[in-house]
Amino acid sequence: MLVHGDGTQDRSSAGGYAPLINAFLDHDIAVAAWDKPGVGTSGANWLDQSMADRTDETRAAFGKLRMRFDVIAVGAAVSWHDQGDYYTRVRLGREGMDREAIA
């Protein structure tokens, strides 16, 4: 089960999860992911969700999956602050900013 971190994310993270998803599928491992609220075909707005709401959403998905599969794995969480910092550094690097300025 892939649970998105910070930012606007569709179920495949704009295709960024494709290599990971395909690697799992190549080994007959099912993958579950969903659009954040207000992204893709989902309604509402992910910015209106609290962390407790996100937890409840993930637990509900986990519960549905448990009805169909014997084993379910959820990846380790990363601090949304750390994730945001990482993606900002990557974005700035792709925009041509030098590493020293990014640091």
Next item on the list: Please report the closest heavy-atom contact between Ser42 and Pro37, naming both atoms and the distance.
Entry: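 Nearest pair, atom of Ser42 first, then Pro37: OG-CA, 3.3 Å.
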
Check: Where do Pro19 and Gly15 come nearest, in terms of heavy atoms and distance?
Finding: CD-O, 4.0 Å

Apart from [X] itself, which Ile, Leu, Val, Met, Phe, Trp or Tyr residues share its cluster (side-chain heavy atoms under 4.5 Å, direct or through members)?
X: Leu20; value: Leu2, Tyr17, Ile21, Phe24, Leu25, Ile29, Val31
X: Met51; value: none
X: Leu92; value: Met97, Ile102

Next item on the list: Please collect all salt bridge (Lys or Arg N to Asp or Glu O under 4.0 Å) contacts where either partner lies in residues 13-32, sequence neighbours excluded, each pair once.
Entry: none

Using the test side chain to side chain contact (heavy atoms under 4.5 Å, CB included), find all partners of [X] that sit at least two apart in sequence or belong to another chain.
X: Asp98; result: Glu100, Ala101
X: Asp85; result: Arg89
X: Thr8; result: Val39, Trp46

Note to self: So does Ser13 get a backbone contact from the side chain of His4, meaning a donor-acceptor N/O pair under 3.5 Å?
What the structure shows: no

Note to self: Run the side chain to side chain contact (heavy atoms under 4.5 Å, CB included) test on Thr55 and Thr58 for me, step by step, so that the C-alpha distance in whole Å, both residues' side-chain angles and the decisive distance to 0.1 Å come before the verdict.
What the structure shows: CA-CA 5 Å; Thr55 300; Thr58 302; 5.8 Å; no

Checklist line | CZ (Phe62) with more than 12 external heavy atoms under 6.0 Å | finding: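 Correct, the count exceeds 12.
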
Next item on the list: Kindly write out the residues that satisfy side-chain hydrogen bond (donor to acceptor under 3.5 Å, both in side chains) with Asp82, not counting sequence neighbours, or none if the list is empty.
Entry: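 In terms of side-chain hydrogen bond (donor to acceptor under 3.5 Å, both in side chains), with neighbours along the sequence ignored, Asp82 is linked to no residue.
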
Item checked: Any residue meeting side-chain hydrogen bond (donor to acceptor under 3.5 Å, both in side chains) with Ser50, in chain and number order, not counting sequence neighbours ->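 side-chain hydrogen bond (donor to acceptor under 3.5 Å, both in side chains) check on Ser50 returns Asp53.
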
Margin query: According to side chain to side chain donor-acceptor pair (under 3.5 Å), does anything in residues 30-40 pair up with another residue at least two apart or in another chain? List the pairs.
Written below: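 Qualifying pairs: Arg11-Asp35, Trp34-Glu57.
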
Next item on the list: With sequence neighbours left out, write down each residue that passes salt bridge (charged side-chain N to carboxylate O under 4.0 Å, His left out) with Glu95, or none if nothing qualifies.
Entry: Arg91

